[in-house]
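Scroll down for the structure; my scribbles are underneath it.
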Amino acid sequence: MRWGGLLLLGLAVAFASPMWAQPVEPGDEPCELGTARRTLTSSSVQATVYNTGGLFFGSQTSAGGGYLLPTDTGNSPTFAASLWLGGTVGGDLRVAASRWGGWDFFPGPLEDAEAPPTNCSAYDRIYVVSRDDIRRYYQTGEATKDLRDWPYQLGAPVLDGDGVEGNYNLAGGDQPDLIGDQAAWWVMNDASGDHGASSVNGPLGVEVRVLAFVYGQRRATASPVLDQTSFYRYEIINRRGQPIEQMYASLWNGGPLGDGGDDYIGTDSLLSMGIMYNDSNEDAAYGSPPPAIGVQFLQGPIGLANGRDDDFDGEVDEPE
């Protein structure tokens with residue numbers, strides 16, 4: 001069997017609004033990098049996520065234990081990945097991007113990118129909820145801590161069950177609005193401390209809300225591809241109060257694909273997919289047949305209703 005992993009991403013871009021962000025008392029020192037780490041697990045994938053802008057790497061072993069596929073083999077098709085953002089503010093290039101370290105994101109939301117909170121410890125948390133958690137709650141009344149504390153006030157999506165908008169009443173029928181069988185949610189920003197990797201003219205001033213999810217946590221899905229895939233949806237909110245022009249969002253993937261001495265990379269422009277594959281019919285880690293991994297964008301930026309072609313597909317995004 002040939003193992004091919006996919007990191008499928010949908011990027012949603014929104015702009016500043018006053019709701020959800022909660023004030024934090026500033027401290028005397030710059031905000032510390034987040035320490036939160038959680039692992040999503042399907043029947044084939046194990047993906048460790050962090051609230052620093054990076055994925056899979058963090059404090060995992062040098063063997064690349066942050067992303068395993070298939071899980072039971074202990075083999076990894078990628079060692080590290082991270083969110084890359086860039087654009088111009090007042091004509092100056094600003095970037096939030098990391099590779100192997102020097103993370104540029106900090107825990108928590110932003111109210112004001114010019115005066116961000118410098119105490120992020122209250123937000124140093126990643127929330128993980130599964131459909132089994134919700135099912136168990138309805139059957140027994142017992143809620144996991146993350147299900148009970150689901151941070152609706154920070155923008156975590158809620159499926160309304162009590163008929164009251166803007167709240168989270170688990171006992172009244174509200175529940176996390178999940179995609180997939182297991183999902184992780186967290187919020188981070190690039191303005192609460194010094195950038196460790198991209199010190200270019202200061203921060204962008206963005207808040208980023210992340211929903212990562214997997215399918216097939218405990219059962220075989222209708223499509224084997226879903227069992228070998230993890231998904232990442234980013235909502236990027238400009239909190240600066242002035243436009244970020246020529247904005248780009250991407251994902252850096254650092255490999256290696258099993259054994260790193262025989263990897264090639266390529267692209268499929270029609271599928272909007274980057275590909276990493278082996279140069280021969282055998283990989284030192286995976287054996288034969290060799291592995292392959294793809295990173296595909298399922299959805300491009302969704303911006304304000306401005307009558308422009310923001311996703312550059314040749315058509316105005318909104319109906320006339």
Side-chain angles (χ1 to χ4, degrees), residues 3-12 33-34 36-42 44-71 75-86 95-106 126 128 180 183-188 190 195-198 206 208-214 228-236 248-260 263-268 271-277 285-286 291-300:
W3 292 101
L6 293 174
L7 315 175
L8 300 187
L9 293 98
L11 296 185
L33 280 174
R37 179 183 74 184
R38 298 297 296 272
T39 299
L40 293 174
T41 304
S42 74
S44 296
V45 173
Q46 176 178 298
T48 303
V49 296
Y50 303 83
N51 59 353
T52 60
L55 299 170
F56 321 140
F57 177 53
S59 60
Q60 294 298 308
T61 68
S62 60
Y67 199 90
L68 301 180
L69 175 67
T71 303
N75 290 326
S76 176
T78 183
F79 180 69
S82 63
L83 176 66
W84 282 18
L85 300 177
V95 175
S98 302
R99 293 198 301 167
W100 304 109
W103 314 109
D104 287 351
F105 288 91
F106 303 85
I126 297 173
V128 176
W185 190 93
W186 68 97
V187 60
M188 57 189 181
D190 86 314
H195 283 201
S198 58
V206 294
V208 181
R209 301 169 182 174
V210 190
L211 181 68
F213 54 98
V214 293
Q228 301 175 36
T229 304
S230 58
F231 299 79
Y232 305 87
R233 177 171 148 185
Y234 294 93
E235 182 182 5
I236 304 161
Y248 284 84
S250 185
L251 185 83
W252 171 80
N253 180 16
L257 178 65
D259 175 61
D263 297 343
Y264 283 174
I265 58 173
T267 60
D268 186 327
L271 293 178
S272 299
M273 177 183 287
I275 304 164
M276 186 175 294
Y277 61 99
Y286 278 91
I293 188 170
V295 180
Q296 183 180 30
F297 281 80
L298 296 180
Q299 184 182 62

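If you read the sequence from its start, that first residue is 1, and numbering goes on from there.
In this structure, D263 contributes its side chain and P256 its backbone to no donor-acceptor pair below 3.5 Å. Side chain of T267 to backbone of G274: no donor-acceptor contact under 3.5 angstrom is found. D190 places no side-chain N or O within donor-acceptor distance of the main-chain N or O of D104, the cut-off being under 3.5 Å. Not one N or O on the side chain of S42 forms a donor-acceptor pair closer than 3.5 Å with the backbone of V214.
Take L271 and apply the side-chain contact (heavy atoms from CB on, under 4.5 Å) test, not counting sequence neighbours, and it matches D268, M273, Q296.
What you find for W100 and A80 is that their closest heavy atoms are CZ3-CB, 3.8 Å. In terms of heavy atoms, A212 sits closest to W186 at CB-CZ3, 4.1 Å. A292 approaches L257 most closely through the heavy-atom pair CA-CD2, 4.0 Å. The two atoms that bring R38 and V128 nearest to each other are NH2-CB, 3.5 Å, heavy atoms only. Closest approach of A47 to Y232, counting heavy atoms only: CB-OH, 3.6 Å. Counting all heavy atoms, side chain and backbone alike, A197 lies closest to A97 at CB-O, 3.1 Å.
Neither side chain, T48 nor Y50, offers a donor N or O lying under 3.5 Å from an acceptor on the other. Looking only at atom types and distance, the side chain of S82 has a donor-acceptor partner in the side chain of W84 under 3.5 Å away.
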Next on the checklist: Set out, in order, the CA-CA distance, both residues' side-chain angles and the distance that settles side-chain contact (heavy atoms from CB on, under 4.5 Å) for V45 and Y67, then state yes or no.
Outcome noted: CA-CA 7 Å; V45 173; Y67 199 90; 3.7 Å; yes
Next on the checklist: Using the rule given for side-chain contact (heavy atoms from CB on, under 4.5 Å), can you reason through V295 versus T78, listing the C-alpha separation, both sets of side-chain angles and the distance that settles it, and then say yes or no?
Outcome noted: CA-CA 11 Å; V295 180; T78 183; over 6 Å; no
Next on the checklist: Does S76 form a side-chain contact (heavy atoms from CB on, under 4.5 Å) with F56? I'd like the steps, not just the answer.
Outcome noted: CA-CA 10 Å; S76 176; F56 321 140; over 6 Å; no
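Rounding to the nearest 0.5 Å gives a distance of 11.0 Å between CG of L211 and OH of Y234. Rounded to the nearest 0.5 angstrom, L83 CG and W103 CH2 are separated by 11.5 Å. Rounded to the nearest 0.5 Å, atoms CZ (F297) and OG (S250) are 4.5 Å apart. Note that CD1 of I265 and CE of M276 are 6.5 Å apart. Values are rounded to the nearest 0.5 Å.
Looking at V49 and V210, their side chains never come closer than 4.5 Å, going by heavy atoms from C-beta outward. Residues I126 and W185 are not in side-chain contact: their nearest non-hydrogen atoms beyond the backbone lie 4.5 Å or more apart. Taking 4.5 Å as the limit, every side-chain heavy atom of I293 sits out of range of all side-chain heavy atoms of L69.
Ring planes of F231 and F213: parallel class, angle under 30° (limits at 30 and 60°).
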